[in-house]
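Inspection log for the structure reproduced underneath, given as structure tokens.
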Amino acid sequence: MDKIDFNGKVAIITGASSGIGAATAILFAGFGATLTLVGRNEPKLLKTANECARKNNSVPLWLPLDLTHPGKCETVVNKTVEMFGRIDILVNCAGKLIMSSLFDESMEMYDDVMNINCRVPYHLSQLALPHLIKTKGNIVNIGSSMSKRYKPGLLPYVISKAALEVFTKHAAPELECEGVRINTISPGPTRTNILQNVNITEDMKEHTYEYLAQDMPSGTVLEPQEVAMLICLTASNVFPNLNGSELLIDGAACMA
């Protein structure tokens with residue numbers, strides 16, 4: 001079986017300033033990838049970039065920006081091609097969790113979460129596609145196993161992640177004829193910074209993770225590094241016929 005080897009490959013990783021995105025970037029660097037890292041938190045993104053540089057002595061292109069702003073997705077793709085000449089892998093890891101429901105009278109939170117969780121991955125994939133066709137590359141979207149079960153207050157979030165999964169499945173046959181793969185990784189509750197979006201304070205984080213762990217048959221939440229390794233395997237050449245799939249990594253929580 002082929003080993004993971006990203007030497008000579010150029011990967012764009014969004015949401016790279018923390019959590020799963022940061023862990024994925026560091027692993028990719030360790031496997032030799034040339035990287036474009038995107039995130040909104042500049043100090044944290046720089047920290048990730050420095051850790052990646054230590055892994056393979058190659059300084060990533062790091063872009064502190066908000067992908068929901070007009071023209072920013074174009075900036076990411078254009079700067080990557082300008083600097084590295086190619087794109088082999090796109091990892092759509094940027095995302096947001098917002099507590100909301102149909103009882104909210106405003107559409108603002110729904111639009112916000114759909115924009116970053118679904119529209120941005122679609123648009124980045126659209127923009128990167130001509131370059132991915134040239135390299136016979138692939139796209140990895142990050143979904144969520146929460147779309148398979150009910151939790152109050154998460155309706156817009158689970159809709160956005162379910163839409164991402166459908167996007168993957170229906171895009172795969174279209175891209176197959178061009179030699180481009182697209183897959184979704186759907187993790188369960190993972191120890192990331194996403195709780196900051198729902199105003200959970202630092203001292204309450206551990207209590208929240210303990211609560212989330214109750215849904216896990218193992219009694220523990222996932223660590224970002226475990227999800228990142230599955231992303232690396234999916235984006236590599238280890239499974240060349242893995243296409244249009246949703247890979248769940250949630251310790252059977254969606255079956256509980």
Side-chain angles (χ1 to χ4, degrees), residues 11-25 35-45 48 61-80 87 89-102 104 106-129 139-147 151 153-171 182-200 224 227-228 231 246:
I12 297 172
I13 302 175
T14 70
S17 55
S18 65
I20 294 170
T24 301
L35 297 170
T36 293
L37 308 180
V38 186
R40 290 180 297 175
N41 188 308
E42 185 169 349
K44 289 183 178 180
L45 187 63
T48 302
L61 170 63
W62 58 286
L63 302 172
L65 49 80
D66 188 333
L67 289 166
T68 64
H69 291 174
K72 297 306 182 183
C73 289
E74 287 86 350
T75 296
V76 170
V77 172
N78 292 341
K79 283 188 175 293
T80 299
I87 301 172
I89 302 163
L90 169 63
V91 181
N92 287 310
C93 203
K96 178 180 281 190
L97 173 65
I98 293 177
M99 303 295 290
S100 183
S101 75
L102 278 176
D104 291 327
S106 169
M107 288 295 292
E108 183 179 349
M109 288 190 285
Y110 176 88
D111 289 341
D112 191 15
V113 76
M114 286 297 291
N115 197 359
I116 185 61
N117 288 0
C118 190
R119 188 183 189 281
V120 164
Y122 185 97
H123 192 33
L124 273 175
S125 300
Q126 186 182 53
L127 294 169
L129 184 56
I139 301 164
V140 182
N141 293 321
I142 307 305
S144 172
S145 74
M146 294 301 296
S147 64
K151 278 288 183 183
L154 296 181
L155 185 57
Y157 175 76
V158 298
I159 290 173
S160 69
K161 292 300 187 179
L164 198 60
E165 294 152 18
V166 173
F167 160 47
T168 296
K169 290 176 182 178
H170 286 263
I182 180 170
N183 293 284
T184 296
I185 307 294
S186 292
T190 307
R191 197 181 302 276
T192 70
N193 287 339
I194 201 166
L195 295 178
Q196 291 177 348
N197 293 328
V198 289
N199 297 320
I200 292 177
V227 182
I231 294 170
E246 182 193 4

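When the ring-ring contact (aromatic ring centres under 6.0 Å, His included) test is applied to Phe167, the partners found at least two apart in sequence or on another chain are Tyr122. Not a single side-chain hydrogen bond (donor to acceptor under 3.5 Å, both in side chains) links Glu42 to another residue, sequence neighbours left out. Remark: Thr14 engages no residue in a side-chain hydrogen bond (donor to acceptor under 3.5 Å, both in side chains) (not counting sequence neighbours). With sequence neighbours left out, the side-chain contact (heavy atoms from CB on, under 4.5 Å) criterion links Leu61 to Thr36, Leu63, Lys79, Thr80, Met83, Phe84. Partners of Thr168 according to the side-chain contact (heavy atoms from CB on, under 4.5 Å) rule, which considers only residues two or more places apart in sequence or in another chain, are Asn141, Ile182, Thr184. Taking the side-chain contact (heavy atoms from CB on, under 4.5 Å) definition, one finds that Asp112 meets it with Lys96, Ile98, sequence neighbours left out. Judged as a side-chain hydrogen bond (donor to acceptor under 3.5 Å, both in side chains), and not counting sequence neighbours, the contacts of Asp104 are Ser100. The side-chain contact (heavy atoms from CB on, under 4.5 Å) search around Glu108 returns Ser106, not counting sequence neighbours.
For the pair Ser18 and Asn41, the minimum side-chain heavy-atom distance is 4.5 Å or more. Side-chain contact between Val158 and Ser144 is absent, with no heavy atoms from C-beta onward closer than 4.5 Å.
Counting all heavy atoms, side chain and backbone alike, Thr48 lies closest to Ala16 at OG1-O, 2.9 Å. In terms of heavy atoms, Ala25 sits closest to Leu35 at O-CD1, 3.4 Å. Nearest heavy atom pair, residue Val113 against residue Pro156, reads CG1-CB, 3.6 Å.
Remark: the Ser160 side chain and the Asn117 side chain contain an N/O donor-acceptor pair separated by less than 3.5 Å.
Separating the CZ atom in Arg119 from the CG atom in Leu67 is a distance of 11.5 Å, to the nearest 0.5 Å.
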Side chain to side chain contact (heavy atoms under 4.5 Å, CB included) assessment of Ile139 paired with Leu124: CA-CA 10 Å; Ile139 301 164; Leu124 273 175; over 6 Å; no

